[in-house]
Amino acid sequence: MTGQYVRGLEEIDESQIAVVGGKGAHLGGLSRIGGVRVPAGFCVTTDAFRRVVADAPSLADRLDQLSRPDPDDRETIRTLSAEIRRAVEGIGVPDEIAAAITRKLGRLGEHAAYAVRSSATAEDLPTASFAGQQDTYLNVMGPTAVLRHISRCWASLFTERAVIYRVRNGIDHRTVHMAVVVQRMVLPYASGILFTADPVTGNRKVATVDAGFGLGEALVSGLVNPDVFRVRDGEVVAKEIATKERAVQALRSGGTQEVAIDPRRQGQPALTDAQVVELVRLGRRIEAHFGRPQDIEWCLADDGFQIVQSRPITTLFPIPETEDEDPHVYVSVGHGQMMTDPMKPLGFSMWQLTAMVAMHEAGGRLFVDVTQRLASPASRAALLDAMGKSDPLIRDALETVIERDGFVPSLPDAVPGGPAARGAAAPIETDPAVVTELIERSQESVAALERDIRTKSGPALFDFLLEAFVEHKRVLSDPLSYRALMAGMDATEWLNDRLREWLGEKNAADTLTLSAPDNVTSEMGLALLDVADVIRPHSEVVAFLQGVEGVEDEDFLDELPKLSGGAEARDAIEAYLDRYGMRCVGEIDITRPRWRERPTLLVPALLDNVRNFEPGAAGRRFEEGRQRARKKEQEVLARLRALPDGEQKAAEAKRMIDRVRTFIGYREYPKYDIVSRYFLYKQALLREAEGLVRAGVLPVPEDIFYLTFQELGDVVRSHHVDERLVQERKDAFRAHHALMPPRVLTSDGEAVTGAYRRDDVPAGALVGLAVSAGTVEGRARVVLDMADADLEAGDILVTAFTDPSWSPLFVGIAGLVTEVGGLMTHGAVIAREYGLPAVVGVEQATRLIRDGQRIRVHGTEGYVGILP
């Protein structure tokens, strides 16, 4: 029975997290690595903790109460967690468990000093470290003191910070249990932390060592600044030696104290370079054992290094898997697609199968390997030019990588299929019939897909979908479609460049594109204004919609006809959903709920339109934009005719204005085509999922979202699913939300951050990319979820990114600021279409701008000013 409650470290490995917690399991694993010394000790298992909790029936009620409060309700959490801690400490250690612990202490040295450390089952995990959430006690002397501190460790599972951390991460308090690690105390000369990957840049080839004198508590608590060493390829490549005025040391009577360091030692390094290199060599051995970069706590005593803890570094962005050891440079797809959130496996695998270029997944995001394009001068120039136009931060990051000697290989100019080759398409005639033809082709192809997919099920569906993906890519790669897209974008660039050169006017094309025809995304925003016009006269309908706002009640449309005016309201919403119901936030991920599936997602924007606009606003907005564009055209042409060679300049500009007006709206249609197909694919796959649920293969249809397309096909064929894999994918997806994908990532794991290298921005302003001209001042509304938007006329929307689904919000705002985006991404196109001053690519805008703060958006110059 003793083994149930107490286990020596030598009996433990990293598979036993449920028994000894994350820290204990890692220490057991460490003790098995050759050449790695771990202080002797044992674990008091989670069975002991469960036994103690079972002896206090009142804890169950308190745990139930603790699962209810909002994470921001600090007072309730503080009170309940304090009550639980007192109850756990009051129970003490049961006699049977105390006897087992005392016997272990007798073998290790009853009068020795010990470290008593918490080890929770949700701690030091690959996806969440929970570092510092529970308690550690150093230099504990004597069995009585050890037992008392074990009770304190159990109680520390319910510290306020630990409880809030679990609530925010969606972890049930009752599923987490506490073990306790008891180890012989090391009295070190120096101690600190070793990161086997650079925790700032993510570079896996660079290790970082923080070191100080005495116990590591001085560093952890921030009492002193550490010496910092950086090591690459077995060599110290950089070091910063701090002045270390104080240290924490063990007392002979137990416990610890702060002491002053002799002034003659304060500026000396805590480790020699040789010791640092030796420590990193140990760290690499530990990293290889656990299979991922580690955050390692170490001590240096008279007889060498001892390792007292190792946990995964959970803040590093994962690296795409490759089959070689060559250097690779990856560019984020999400920054171009305006969706940097993680995607579920079905989502990213479907995008990979339907995209025009090969993509690699890491951290639930997709990346394109641009190494080959960077390697040859011609394709490199074309890539950098394209990146500079879409996202200057990506271009700058790529240039940073290129400047590093030897990382990007050098190849001759013979890389086919790059941007330069595609960009050589012949100019297209300015003929509106071209866009009409392209849209009709798309509609016919989507209609055929909708007709044929209904007849397919089982394995035959997956064979059909692979053929459908070929048609999907054929439509996307239609040469005429590509030429139409490039015609609009090239003409926009031509106008901005020439009119700035000839007239000294920045971003003149922004006004010239107002209310351009055939823009399916801007039409979507205006169409919701028309729906609001139907609803506004009916007070019962408005009150009903206010009641379902924020509620996942997807049957509300069936209730509407029971109200006065409800039938007309329902018909208007249904017609809108027939046209745009396949759209949603993050729509490149097929697993995201579409508006047709959850029409309540549209209710907040619809109610904003009812409140903020007068009848007929959609038509007026479109006509006002069209008139402004026409007036701008007349003004520009008149000013050009007054210049030398004015008639020729005006003729060239007129030709480009016509080209922009004809083709720029089509920029939005290919994405609409993709999302229309995605909705049909999803409906068919969910029908299969419902069949799997009926057959008892899956508990819920949405579990298919955690399988790749290929894996789902195998499940449909075999009627067998790996439930453990599905759960691992759910855990990983939750963890991926805490990671921000870098714009550029190398195969060394380095997240390369670009910079705006500009000197024309006022001090204190937030720099970004100018994408829609004009200046506007107003109240910032920081919105991270479209469903939470509560906007008034004149507000400026500040968000991480916008995709086409956000366009219904654009009709009611005065300006736009985003963290992600480029000149031709959807948010920029629609901002110009609606005449909204906009700045995109503003790093950390949602953190640096407070909700409700007054700001000024300089959409022509590309920066945001924070106002007093």
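Along the sequence shown, residues are numbered consecutively beginning with 1.
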With a 4.0 Å cut-off, would you call [X] and [Y] a salt bridge?
X: D703; Y: K730; value: yes
X: K456; Y: D452; value: no
X: E471; Y: R474; value: yes
X: R441; Y: E444; value: no
X: R579; Y: E523; value: yes
X: K23; Y: D295; value: no
X: E711; Y: R729; value: yes
X: E450; Y: R454; value: yes

For residues [X] and [Y], report the shortest heavy-atom separation together with the two atoms involved.
X: A695; Y: H719; value: CB-CE1, 3.8 Å
X: L528; Y: P808; value: CD2-CB, 3.7 Å
X: T121; Y: A18; value: CG2-O, 3.9 Å
X: E574; Y: L557; value: OE2-CD1, 3.6 Å

Is it the case that [X] and [Y] place a side-chain donor and acceptor less than 3.5 Å from each other?
X: E819; Y: T846; value: yes
X: T46; Y: R50; value: yes
X: Q294; Y: S310; value: yes

In terms of the angle between their ring planes, are [X] and [Y] parallel, tilted or perpendicular, with boundaries placed at 30° and 60°?
X: H472; Y: Y678; answer: tilted
X: H737; Y: F733; answer: perpendicular
X: Y580; Y: Y576; answer: tilted

Quiz prompt | With E597, the salt bridge (charged side-chain N to carboxylate O under 4.0 Å, His left out) member among R592, K682, R583 | solution =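 The single option meeting the salt bridge (charged side-chain N to carboxylate O under 4.0 Å, His left out) with E597 is K682.
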Practice problem: Using the salt bridge (charged side-chain N to carboxylate O under 4.0 Å, His left out) rule, take K562 and E559 through it: C-alpha gap first, then chi angles, then the decisive distance, then the call. | Solution: CA-CA 6 Å; K562 300 174 185 177; E559 299 296 314; 3.0 Å; yes
Quiz item: Between V721, V697, L692, which is the residue that forms a side chain to side chain contact (heavy atoms under 4.5 Å, CB included) with V716?
Solution: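 Of V721, V697, L692, side chain to side chain contact (heavy atoms under 4.5 Å, CB included) with V716 is met by L692 alone.
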Quiz item: Out of curiosity, E587 CD to H826 NE2, how far, rounded to the nearest 0.5 Å?
Solution: 7.5 Å
Quiz prompt | Residues, nucleotides or ligands: over 12 heavy atoms within 6.0 Å of E723 CD | solution = no
Quiz item: Going through the distances and angles, do D13 and R32 end up as a side chain to side chain contact (heavy atoms under 4.5 Å, CB included)?
Solution: CA-CA 8 Å; D13 63 32; R32 295 165 180 262; 3.7 Å; yes
